[in-house]
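Computed from a prediction, not measured in an experiment: that's the story for all the values here. To find a chain, count down the sequence lines: A is the first, B the second, and so on, and within it residues start at 1.
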Amino acid sequence: MVTPKTDRYIPQEIEPKWQKKWEEDKLYRSVIDESKPKHYALTMLPYPSGDLHIGHWYAMAPSDARARYMRMRGYNVLFPMGFDAFGLPAENAAIRHGIHPFKWTMANIEKMRRQLRSMGAMFDWEREAISCLPGYYQWTEWFFLKFYDAGLAYRKKSTVDFCPKCNTTLAREQVWGEDRHCERCGTPVIKKELDQWFFKITEYADELLDFSKIDWPERVVTMQTNWIGRSEGAEVTFPIAPADREMETGGEGGESIVVFTTRPDTLWGATFMVLAPEHPLVDKLTTPEYRQAVEDYKLQAARQSEIERLSTEKEKSGVFIGAYAINPVNGARVPIWIADYVMMTYGTGAIMGVPAHDERDFEFALRFGLPIIPVIDRTDGVAKSFVVPDSMRAGFADELKAAGIQFEEKDGALLVTLHGSEQIDRYVELARAHVKSGYWIEVVGARWVFIFDDGVVPFDGIEADQEILARCQELEPSVRQARTLMEMLYGVEFYRDVLFHAEYGTMINSGPFTGTPGDVAVQKVTEWLEEKGIGKFAVNYRLRDWLISRQRYWGAPIPIIYCPQCGTVPVPYEDLPVLLPEDAKIPPSGENALKFHEGFLHTTCPKCGGPAERETDTMDTFLCSSWYHYAYLSPYWMEGETLHADSYPVDPAEARYWLPVDVYTGGIEHATMHLIYTRFFTKVMRDLGLVNFDEPMLMLRNQGIILGEDGEKMSKSRGNVIAPDNLVERYGADTVRGYLMFGWRWEQGGPWDSQGIEGVVRFLERVWNCVLAPGYEGPGKAEQTETRALRRKVHQAIRKATQDMENFAFNTYIANLMELNNAMLKVKETPLYGTEVWEEAVETLLLLLAPACPHIAEELWARTGRPYSIHQQAWPVWDPEIAAEEVITLVVQINGKVRDRLEVPADISEEKAKELALNCAGAQRHMAGKTVRQVIYVPGRLVNIVVK
RNA sequence: GCCGAAGUGGCGGAACAGGCAGACGCGCGCGACUCAAAAUCGCGUGAGGGUGACCUCAUGUGGGUUCGAUUCCCACCUUCGGCACCA
């Protein structure tokens, strides 16, 4: 059986040989086959940077192994590959080397194809799709028009993030980190006000929060959920105070400000309003005497987002605009401010300030002397009182002690902490009885009262705030600079932790709602607001519409024409594609070449035929990748044909058979970008009647990142880059694949270890020798127990390999094969060698190895005279009976500690197991002189004897 | 600050569903082969103690539940990732 040439394992010889043969035989061509279940395995497509990175291998090789496993399991598997070929690096290369982006990109693709082929993956290259080719991007444009027709694409002037280095705007998702830098180049972004195209992804916010139809990692689900950031609350309308309306320049009357709040239960505590500086009402409402200050502040705020974005701890700033609004729940006249802590982009761009129960509002109110009125009771019942020296009549402290009230004494003052309303009541009573004339004492926190010698005054609203403050200031000169009671109280260190809280609790000082418990307060108030027509239930999202305009040449053109007569006119479907001019010159400034290309820019209006200009912005490359898994099914579909609104972007037969994607693999870094966009795209496609499912990818698994040997991220500047080409040259693709699967938890990744790979080198060499080198040749016959033991091992290995493949547990999958091989190497030196069972073991080992290391498996398969190709064989099936252990190790524990181990038949009875355990030496030793309390038996595992 | 994940030998990592902690591999040590080395093969390898059979400790730290906890619960520490004035 063994071929005469038991030569060494030389991957450099066998790998190219098989790759060539597989390709000639179209072994991995995936065609529709209704007789088989389909499996669409997809791995994220690379950007053609010109060099395949070890990270690409780490993502793709295990994914390929899994796709191969599914194929052996009998699925008709599609595992395509392509290139995300638009994007900035091509333009940068054009500037640096004077080479056209198209040429640069295609040359890179050529090189990367070669590199990818060296992996020996089962990519179906006939389905390759490159997003920068007209046959591809005509559909990207077509999708834009469909979105536009559906009202999901719109153009709007807005303040957007702009990367000065890439010279283009970015979507919010593409701005990363605390310093808000460009996701691609790391340069901090700046704000710019521009006319930009957006996709209404927010219309799908709620549906995007539903993950019930997909099996995606919890991590991604959480990140997307947080990114979308749904919050429920109410929109409340605050009318502008009548007295101020006369000052409006427009004079239309009935102006009002709508705010969004998650805490309508705190409405009675709204003592001011804040608008975002860019809020459209600001100009209308600002009174003449405040106009200058407002303008100054707006300017400063606009600049600040550029300059001072790093200072996270900066103090609150803002200015009063001179106007007042009416709090609709209690008629209070509240001042309107503008401040940069309110964002125009969230909610309505306006808030009600509830300083007693919102940390930011508290800080703001304290700084600007705005009243802070508690309207939600504390949930912990804690109140505090600071007793100034000499303010109380003698005996007060003793009375407190007698009443069981805790306090500390400090420099003659009493620091009293009260718990619960009963204690507070008692305290107020005592304080009332002891306070001297000319002094007062207050209780704050779970109760808000000021106790004077002539009575107890509750701090329950804006009027009380000023009245009480006036009295205190009369009595005590040192508090005369305080503008509000809360500011005065804040001066007392001891009080600080009870002055503010943001919890849900019983409503207080809230008119008819006073006493409403915290768990129903929000709902009750919201209902009431709706009844009264003051407000309504509302939902807000953190998610913004997707900014898709890029001021770049190298992207799919936005198919829009601006006509002086007809305005914004979409390019007719029939005129697609809008081709990128090949002769465009990329300006060294990095500006968009399309803006300067006369031939592209000037066109005729499709409506009136008059002269018009094209939109010169191109689309975010995330549009290209939002539908690439559809493109693979029939690349460059209908290229050269006339497209229509009702064209179908994919060969319908292919779409019907393959979609949706069954397993998607790739990095987590796309959690809130590509992976949200592509879900959005699919939902829109569904609503347009293009597909009949809700989610593009049913299962998602993320791999981690391979770091340099120094544990740092690989980078050229650090010099810690591991180049797969070198590894393939040295070890062969199978070893690299095997090591990438074996070395780490796939979803976690970690530092590269150039010594670790030697383990896989040795493993494959041992497999080679195990299969090809001669074994035992002496006399003797295989023992039955040995035969059974080997079969058991083989079937257990099948079981483990299958389970691990299902679970993407590639490291243990390889470990399991190593174990099988180790066991076989021992058997090889016995008469069992060469028997039928031995052959079963060899065959199984190769079949199980085939997905991970396709070349060596094919070579050994062929060398042992088995029919081509191993990759068309069925995945082996384990027999549970053969895999079952005959003998188990029964662990004997005394009080949970292992004291002995017994080899017993697997089907031992409970009685027998307990009997053996109780009588074994290890147990006896530790039971001496003690009584057995309990004996616990876990079948097939252990006996635990509890003694005392 | 908020949300999420993870902490196991010198290292990467195993451990079904609460039941033998450390599979598999790297590294290291000893041995075989060799004139020698490499490669290969064999044995050993969590820490401490004992001549030994054995004993004690050990899965970030401290508690808890349990006959029994790497696994479940609570608190804390550390690391990584995401978000960050989101009303």
Side-chain angles (χ1 to χ4, degrees), chain A residues 176-178 180 217-227 229-231 233 259-263 266 274 276 312-314 316 339-343 345-354 357-361 363-364 502 540-544 668-669 671-672 704-705 738-739 742-745 747-760 762-763 765-766 769 800 803 809 811-822 825 888-901 921-922 925-926 933-948:
Chain A
W176 287 13
E178 212 172 310
R180 299 184 46 75
E218 212 33 56
R219 222 172 11 151
V220 177
V221 170
T222 308
M223 280 169 77
Q224 293 203 349
T225 304
N226 292 343
W227 187 261
R230 180 192 157 97
S231 57
V259 301
F260 173 73
T261 177
T262 54
R263 296 296 302 268
T266 64
V274 187
T312 42
E313 294 286 296
K314 81 173 187 218
K316 291 270 176 299
D340 63 2
Y341 82 93
V342 175
M343 313 286 142
T345 43
Y346 186 80
T348 60
I351 62 154
M352 61 177 193
V354 184
H357 305 290
D358 180 285
E359 203 172 354
R360 293 150 303 176
D361 296 344
E363 203 188 312
F364 190 78
N540 249 289
Y541 302 91
R542 218 187 65 107
L543 184 74
R544 309 290 156 74
I668 187 123
E669 65 273 17
T672 57
I705 298 172
Y739 182 51
F742 177 66
W744 307 262
R745 285 188 228 174
E747 68 280 7
Q748 209 158 290
W752 180 261
D753 180 354
S754 52
Q755 265 176 337
I757 194 170
E758 298 293 341
V760 178
R762 284 172 211 160
F763 164 58
E765 271 167 2
R766 280 201 295 267
N769 292 329
K800 177 79 176 139
Q803 288 165 351
N811 56 345
T812 50
Y813 154 82
I814 297 284
N816 169 52
L817 296 186
M818 288 174 167
E819 252 181 282
L820 175 61
N821 191 234
N822 290 346
L825 283 167
I888 54 151
T889 307
L890 186 72
V891 170
V892 181
Q893 295 184 337
I894 304 291
N895 291 341
K897 286 198 162 127
V898 180
R899 296 306 181 185
D900 215 336
R901 295 183 172 90
R925 204 168 40 242
H926 291 270
R933 281 293 168 89
Q934 202 183 347
V935 181
I936 288 152
Y937 173 62
V938 182
R941 294 196 184 272
L942 59 75
V943 175
N944 187 14
I945 303 163
V946 184
V947 298
K948 202 160 183 200

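Among the nucleotides B:C26, B:G19, B:G25, the one closest to the side chain of A:Asp753 is B:C26. Set against B:A23, B:C67, B:C20, the side chain of A:Arg901 has B:C20 as its closest nucleotide. Distance from the side chain of A:Lys316 is smallest for B:C85 among the nucleotides B:G12, B:C85, B:G25. Of the candidate nucleotides B:G12, B:A87, B:C83, B:A87 has the atom nearest to the side chain of A:Ser231. Listed nucleotides B:A87, B:A14, B:G19 differ in distance to A:Val342; the shortest reach to its side chain belongs to B:A87. Taking only side-chain atoms of A:Trp227, from C-beta outward, the nucleotide of B:C83, B:C26, B:A6 with the closest atom is B:C83. Comparing B:C67, B:A84, B:G13 by their nearest atom to the side chain of A:Ile936 picks out B:C67.
Syn is the conformation of B:G9, whose glycosidic angle sits no further than 90° from 0.
A:Asn811 comes within 4.0 angstrom of the backbone, heavy atoms only, and of no base. Among the atoms of the strands shown, only primed sugar atoms or phosphate atoms (P, OP1, OP2) are found under 4.0 Å from some heavy atom of A:Arg762. Within 4.0 Å (heavy atoms only), A:Thr889 reaches at least one base atom of the nucleic acid. Using a 4.0 Å heavy-atom distance criterion, A:Gln893 is classed as a base contact. Here A:Thr672 lies out of heavy-atom contact (under 4.0 Å) with every strand. Nucleic acid contact for A:Val259: none, since no nucleic acid atom lies under 4.0 Å from a heavy atom of the residue. Residue-level contact check: A:Phe763 touches neither bases nor backbone, having no heavy atom under 4.0 Å from any strand. At the heavy-atom level, A:Asn540 lies nowhere under 4.0 Å from the strands shown. A:Val891 comes within contact range of at least one nucleobase, with a heavy-atom separation under 4.0 Å.
Remark: A:Phe364 engages A:Phe272, A:Trp337, A:Tyr341, A:Phe368 in a ring-ring contact (aromatic ring centres under 6.0 Å, His included) (not counting sequence neighbours).
Residues A:Ile814 and A:Val760 form no side-chain contact, since every pair of their non-hydrogen atoms from C-beta on lies 4.5 Å or further apart. A:Ile945 has its side chain out of reach of A:Arg899: every pair of non-hydrogen atoms, C-beta onward, lies at least 4.5 Å apart. A:Leu817 is not listed as a side-chain neighbour of A:Asn821, based on a closest heavy-atom distance of 4.5 Å or more. Side-chain contact between A:Arg766 and A:Asn822 is present, with at least one heavy-atom pair separated by less than 4.5 Å. In this structure, the side chains of A:Thr262 and A:Phe260 come closer than 4.5 Å at one or more pairs of heavy atoms.
Nucleotides B:A58 and B:G7 place their C1' atoms 15 Å apart, quoted to the nearest Å. To the nearest whole angstrom, the two P atoms, one in B:C57 and one in B:U70, are 13 Å apart. Between B:A75 and B:C80, the distance separating the two P atoms is 23 Å to the nearest Å. Taking the P atoms as reference points, B:A17 lies 38 Å from B:A87, given to the whole Å. Distance noted for atom P between B:C11 and B:G48: 15 Å (whole Å). Across the P atoms, B:G64 and B:U71 are found 14 Å apart, a figure rounded to whole Å. One P atom belongs to B:G31, the other to B:A14, and the distance between them is 34 Å to the nearest Å. Between the P atoms of B:A69 and B:G60, the separation comes to 15 Å (whole Å).
Rounded to a whole Å, the CE atom of A:Met343 is 14 Å from the C1' atom of B:C83. Rounded to a whole Å, the CD1 atom of A:Ile894 is 13 Å from the C1' atom of B:G68. Atom C1' of nucleotide B:A23 and atom CD of A:Glu819 are separated by 6 Å, given to the nearest angstrom. Nucleotide B:C41 holds its C1' atom 10 Å from the CZ atom of A:Arg766, rounded to whole Å. Rounded to whole Å, atom C1' of B:C24 lies 13 Å from atom CG of A:Leu820. To the nearest angstrom, P of B:G25 lies 12 Å from CG of A:Leu817. Between the CH2 atom of A:Trp744 and the C1' atom of B:C11 there is a distance of 13 Å, given to the nearest Å. The distance from atom CZ of A:Arg941 to atom C1' of B:A15 is 10 Å, rounded to the nearest whole Å.
Taking CG of A:Asn944 as the reference point, atom OH of A:Tyr937 lies at 13.5 Å (rounded to 0.5 Å). Between A:Gln934 atom CD and A:Asn895 atom CG the span is 10.5 Å, to the nearest 0.5 Å. Within the model, atoms OH of A:Tyr346 and CZ of A:Arg542 stand 9.5 Å from one another, a figure rounded to the nearest 0.5 Å. Considering CD of A:Gln224 and OG1 of A:Thr672, their distance stands at 7.5 Å, rounded to 0.5 Å.
In this structure, B:A47 and B:U56 make a Watson-Crick or G-U wobble pair, each of the two defining distances being under 3.5 angstrom. B:G62 and B:C74 make up a base pair, with Watson-Crick or G-U wobble contacts both under 3.5 Å. Across every strand in view, B:A32 sits in a pair with B:U40 that passes the Watson-Crick or G-U test at under 3.5 angstrom. A 3.5 Å limit on both hydrogen-bonding distances identifies B:U79 as the Watson-Crick or G-U partner of B:A5. Across all strands shown, B:C16 forms no Watson-Crick or G-U wobble pair with both key distances under 3.5 Å.
For the pair A:Asn540 (side chain) and A:Ser231 (backbone), a donor-acceptor distance under 3.5 Å is absent. Checked by atom type and distance alone, the side chain of A:Asp358 never pairs as donor or acceptor with a backbone atom of A:Ala502 at under 3.5 Å.
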Kindly give the atom pairs (protein nitrogen or oxygen, nucleotide nitrogen or oxygen) under 3.5 Å for nucleotides 51-58 of chain B.
residue: B:C55; atom: OP1; partner: A:Arg899; partner atom: NH1; Å: 3.3
residue: B:C55; atom: OP1; partner: A:His926; partner atom: NE2; Å: 2.6
residue: B:U56; atom: OP1; partner: A:Arg899; partner atom: NH2; Å: 3.3
residue: B:U56; atom: OP2; partner: A:Arg899; partner atom: NH1; Å: 3.0

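Counting non-hydrogen atoms of neighbouring residues, nucleotides and ligands closer than 6.0 angstrom, the CD atom of A:Glu669 exceeds 12 such neighbours. In this structure, A:Ile888 places its CD1 atom where more than 12 heavy-atom neighbours from other residues, nucleotides or ligands lie under 6.0 Å away.
With the nearest nucleotide of RNA chain B identified for both A:Ile668 and A:Met818, A:Met818 has the one nearer the 5' end. Place A:Gly896 and A:Tyr346 on RNA chain B by their nearest nucleotides, and A:Gly896 ends up nearer the 5' end.
For B:A14, one of the phosphate oxygens OP1 or OP2 lies less than 4.0 angstrom from a side-chain nitrogen or oxygen of A:Arg745. A close approach under 4.0 Å does not occur between any side-chain nitrogen or oxygen of A:Asn822 and OP1 or OP2 of B:A23.
For RNA chain B, the neighbouring residues in residues 219-226 of chain A, judged by any heavy atom under 4.0 Å, are A:Thr222, A:Met223, A:Asn226.
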